[in-house]
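What follows is a single structure, written as structure tokens, with notes after it.
Numbers restart at 1 for each chain; the letters A, B, ... are given by sequence-line order, proteins then strands.
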Amino acid sequence: DTGVSQDPRHKITKRGQNVTFRCDPISEHNRLYWYRQTLGQGPEFLTYFQNEAQLEKSRLLSDRFSAERPKGSFSTLEIQRTEQGDSAMYLCASSLTLGLAGYEQYFGPGTRLTVT
Amino acid sequence: LAKTTQPISMDSYEGQEVNITCSHNNIATNDYITWYQQFPSQGPRFIIQGYKTKVTNEVASLFIPADRKSSTLSLPRVSLSDTAVYYCLVGDRNTPLVFGKGTRLSVIA
């Protein structure tokens, strides 16, 4: 178990550019989540997948945001035409839904995006 | 989704026991209570989860009264490395996590 990994850890981009982040979940975890966190706030849910199916999207996920999880393994989050308001830490988490237990999500270290 | 209310900040000296209480008056029958810890520039880390009564692991204890409208995270003998933000969350396995602002715990030497 190597944990959830995210790449890159830091990204600086100019307004209007597109960026793509990658998340590799813990192997065999069937759920994968994306969150966004700004300074002083708790993480905000963006979207999540169960295997390759995208089950829910937050209203925060505007049409400039798109996420994929091909083959139910790694996931990518793309932001098109970035705006300064997109500057935040983007966190990925994964979990295994099994039996009657409550959920427990394992978070990656995050990708810090700065839009200049 | 059940909303949670917890103190914005707390201070404690090293070696003391710290109790952080969270209110969740409209918790649903299927909801669990989960606590996460977050250090600066890191993703949150799961601490403990419970449904009712008391749960204890190697890191913390979670006390939940019978009405489940509140819960208390207890950290025994805190050290400087326990300085972090602690989040209380309520939800079921099919509900995405809803984080509030959490409680910023500062441990003082």
Please round to the nearest 0.5 Å and tell me the distance separating atom [atom1] of [X] and atom [atom2] of [Y].
{"X": "B:Y51", "Y": "B:T29", "atom1": "OH", "atom2": "OG1", "value": "5.5 Å"}
{"X": "A:H29", "Y": "A:L96", "atom1": "NE2", "atom2": "CG", "value": "5.0 Å"}
{"X": "B:L75", "Y": "B:R77", "atom1": "CG", "atom2": "CZ", "value": "11.0 Å"}
{"X": "A:S66", "Y": "A:L61", "atom1": "OG", "atom2": "CG", "value": "8.0 Å"}
{"X": "B:Q37", "Y": "B:I48", "atom1": "CD", "atom2": "CD1", "value": "12.5 Å"}
{"X": "B:I64", "Y": "B:T53", "atom1": "CD1", "atom2": "OG1", "value": "6.5 Å"}

Answer yes or no: are there more than 12 heavy-atom neighbours, outside [X] itself, under 6.0 Å from its atom [atom1]?
{"X": "B:I8", "atom1": "CD1", "value": "no"}
{"X": "A:E68", "atom1": "CD", "value": "no"}
{"X": "A:R15", "atom1": "CZ", "value": "no"}

Which of [range] have a heavy atom under 4.5 Å from any heavy atom of chain B?
{"range": "residues 107-116 of chain A", "result": "A:F107, A:G108, A:P109, A:R112"}
{"range": "residues 79-95 of chain A", "result": "A:M89, A:L91"}
{"range": "residues 41-52 of chain A", "result": "A:Q41, A:G42, A:P43, A:F45, A:Y48"}

What heavy-atom pair brings [X] and [Y] nearest, and what distance separates the two atoms?
{"X": "B:Q6", "Y": "B:Y86", "answer": "NE2-O, 2.8 Å"}
{"X": "B:Y36", "Y": "B:I47", "answer": "C-CD1, 3.7 Å"}
{"X": "B:P96", "Y": "A:Y35", "answer": "C-OH, 4.5 Å"}
{"X": "B:S71", "Y": "B:L62", "answer": "CB-CD1, 4.0 Å"}
{"X": "B:D92", "Y": "B:D31", "answer": "N-OD1, 3.5 Å"}
{"X": "B:G50", "Y": "B:V55", "answer": "CA-CG2, 3.8 Å"}

| message | Ring of B:F39, cation from B:R45 - is the NZ or CZ under 6.0 Å from the centre and inside 45° of the axis? | response |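 Ring-cation test returns no.
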| said: Membership question, hydrophobic clusters at under 4.5 Å side-chain separation (ILVMFWY): are A:L39 and A:I12 in the same one? | reply: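 Looking at the clustering, A:L39 is in a separate group from A:I12.
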| field | Interchain contact, A:Q6 with chain B, by part (heavy-atom threshold 4.5 Å) | value |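 Contact with chain B is absent: no heavy atom of A:Q6 under 4.5 Å.
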| For chain A, which residues of residues 99-109 of chain B have at least one non-hydrogen atom nearer than 4.5 Å to it? |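 Listed by number, the contacting residues are B:F99, B:G100, B:K101.
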